[in-house]
Amino acid sequence: MNWFALRQHRKQLLIFGILLVIYAAFVIPTGLHFWHVYQHTVADCAQNPANPTCGDLSTSSLFPTTLDRILTGLIPSAVIFLPIILGVFWGAPFLAKEYGEGTNSLAWTQSVSRRKWLTVKLVWMLAATLVLTAAFATLITWWSKTTNALDMDRFSNGNEFGIQGVVPVAIGLFVVSWGILFGAWFRKVMVAVGVTLVLFVAVSHIVIPNLVRPNYMKPVSVTAPFGPRQDDAGSEIPQGAWITSNTIYDSNGHAVLGDIFPAAPPQCQKVIQQATSGTTNDHGTIRKAVPAPNGEDPIAECLDKAGWHQVTTYQPAYRYWDFQWIETGIYLALAALAIGATYWLVLKRDA
Amino acid sequence: MGAAVIQTKGLGKRYGSFWALENCNISVPAGSVSALVGPNGAGKSTLLKILVGLNRASAGQGEVLGKAPAQEESFLSDIGYLAQEIPLYKNLNAADHIKMGAHLNKRFDKEFMQKRLKDLQIPLDRPVGKLSGGQRAQVALALALAKKPKLLLLDEPVAALDPLARHDFLSSLAQAVADGGLTVVMSSHLLADLERVSDHVIVLAAGKTQLCDEIETVLNEHKLLVGPRQNKIPEDDFAIIHETHTIRQSTLLVHLKKGAKVPNGWQQHEPNIEEIILAYMGQAKEGGEK
């Protein structure tokens, strides 16, 4: 059965093996180059802090050429899409193709029990998924050390969180497992592919990053007087943290949602009128709305005096690995659910 | 003919509220080649799939080679099955299928299958998806036979084949049966083909068993009676399977009761198996329409 499982999926495995080699051929040289440039710049800036580029180091400022942009865009994207590509090419057809072409009834009438047939095939498929996603994840995690150091966003950027560390491996197993389940369920490759796509986008790009991930641990909360400039607020929040919310409260402790100007207390309305004259359609923040030639912000000062304040919640950077493992656990649990359901469908339903 | 290899009692399969197979009682003796016939949708495929353990019965029991059909090695290793679509792995070649058979079956006879395909001049190195329908059917049959099964279940294996390929296929099958130790159940709606190779017949129509017996017995027990037109025919000595009436004469296909003789006043003819099978299928149709 081992021989057969491998023979059957030989081509799929080979193609993705080749893709991995091609990917490595891009990632390893660019990773080395980017890291070298970064190290060099940091060393330079230590000697000449006055150099203008040293003030605001980021991936886009350090690697500004078109080629740099393409590489820094495409290299992470490949791993963002890897789970769904595997879900589509490995997961969904895995059983749907057998059902669709009737080869399941060929396989199930050899002298191998259906359970053993499914188990051996699943073990190889999931092991291949594990190895492949782990290889891609290792490459991109290593490659990202430059961008991580520059942008400090591996935690706060949802895409970065999903492609580095252990989470991408778990996402790969999750998508492939559900692709397999949908294949056994609908028995048509195209339907299974479609549903797997929808699931991937919904779970891995909408529900988990936005609704679930922020709640793994209770966020740290800091209260600041209203209207601190961006930098001031930033200074209270440690580097690399993931800011999960930023809410403005009025003097009564009620959250101010939406437009702040109409909600401002009466004593500030006049200030607002003066400071925003000519702009009637203001939906932005106060800083944006107010031209402040002398750096003063009269509206913010007024609101601050009126007792307004803002509360920022964040997940500190040191929780990164806790979050990685928690999310890995969630994806693996979802994958296990799909595998269990697949067993049930294959063993209980008619051929 | 030996003891029953297949024995079913009240076997049924329901899809939603529709019974694809209902109260099916058949018995297939060891060493026979049984023709499973019936119109499309009669439940032939369903019955075979239940017998081979691919589908589960909704009612009744079936016993195959003394075991209840199961998805277990101990049951599957003695059974060969060829599904209607003749499924093979299209991208794999015949040599890969031989290897597959050897890996997935303990008693698989590699040399037999290699020799057989060589004799049939089927290329071993070409993906089976690129072979002709007849060649694919031969690969599938060779695969099923190389497993050395005690019972071979074939679901309309010749339906999609041209007459020559059909002839070759049935010859291969007949040869395998002649080699001994094999019981075959083969479904088809091509009666003439079955007549050539089978010695036992099961007629399935409207989801029910209409007839299940050895062909010789069936021929002995059925008569075609022609006599003057009668409106009320006593069924003391026979059961009427099919009747046609003209103004002057009645023609009956009857099943004689045990030990009974044809009453006087009837001209007696020997119907062929095809006529008998058609009569049973017609009866089921009328019954269904009532």
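Here is how names work: the chains are called A, B, and so on, in the same order as the sequence lines, proteins then strands, and each is numbered from 1.
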Closest heavy-atom pair, B/Leu143 versus A/Leu106, reported as atoms and distance to 0.1 Å, is CD2-CD1, 3.8 Å
Atom of B/Arg56, atom of A/Asp350 and distance for their closest heavy-atom approach:
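Taking every non-hydrogen atom into account, N-OD1, 2.9 Å.
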Look at the side chain of [X] and the backbone N and O of [Y], then say whether any donor-acceptor pair between them is shorter than 3.5 Å.
{"X": "B/Lys147", "Y": "A/Thr109", "value": "yes"}
{"X": "A/Arg115", "Y": "B/Gln71", "value": "no"}
{"X": "B/Asn105", "Y": "A/Ser111", "value": "yes"}

[X] atom [atom1], over 12 foreign heavy atoms within 6.0 Å:
{"X": "A/Phe26", "atom1": "CZ", "value": "no"}
{"X": "A/Trp124", "atom1": "CH2", "value": "no"}
{"X": "B/Trp19", "atom1": "CH2", "value": "yes"}
{"X": "B/Lys67", "atom1": "NZ", "value": "yes"}
{"X": "A/Trp108", "atom1": "CH2", "value": "yes"}
{"X": "A/Tyr216", "atom1": "OH", "value": "yes"}
{"X": "A/Lys188", "atom1": "NZ", "value": "no"}
{"X": "A/Phe81", "atom1": "CZ", "value": "no"}

Under 30°, 30 to 60°, or over 60°: which ring-plane class applies to A/Trp3 and B/His103, parallel, tilted or perpendicular?
parallel
In terms of heavy-atom pairs under 4.5 Å, which option from A/Gln110, A/Lys348, A/Lys116, A/Arg349 contacts chain B the most?
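Greatest number of close heavy-atom pairs with chain B: A/Gln110.
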Which of A/Ser113, A/Ala107, A/Gly102 touches chain B most, by non-hydrogen pairs under 4.5 Å:
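So the answer, after comparing A/Ser113, A/Ala107, A/Gly102, is A/Ser113.
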So for A/Lys97, is it side chain, backbone, both, or neither that comes closer than 4.5 Å to the heavy atoms of chain B?
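Just the side chain, heavy atoms under 4.5 Å.
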The interface call for B/Ile79 against chain A, heavy-atom contacts under 4.5 Å, is backbone
Is chain A contacted by the side chain of B/Glu72, its backbone, both, or neither, given a heavy-atom distance below 4.5 Å?
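For B/Glu72, backbone and side chain are both near chain A.
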Can you tell me how far the [atom1] atom of [X] sits from the [atom2] atom of [Y], to the nearest 0.5 Å?
{"X": "B/Met100", "Y": "A/Met1", "atom1": "CE", "atom2": "CE", "value": "9.5 Å"}
{"X": "A/Ser105", "Y": "B/Leu48", "atom1": "OG", "atom2": "CG", "value": "11.5 Å"}
{"X": "B/Asn91", "Y": "A/Arg10", "atom1": "CG", "atom2": "CZ", "value": "10.5 Å"}

Among B/Gly101, B/Pro149, B/Ser74, B/Pro87, which residue forms the greatest number of heavy-atom pairs with chain A at distances under 4.5 Å?
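With the most close heavy-atom pairs to chain A, the winner is B/Pro87.
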At a heavy-atom distance under 4.5 Å, which candidate from B/Asn55, B/Leu76, B/Ile86 has the highest pair count against chain A?
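Option with the top pair count is B/Asn55.
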Decide, yes or no, whether a salt bridge links A/Arg7 with B/Asp96 under the criterion of side-chain N to carboxylate O below 4.0 Å.
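Judged by the 4.0 Å cut-off on N to carboxylate O distance, A/Arg7 and B/Asp96 do form a salt bridge.
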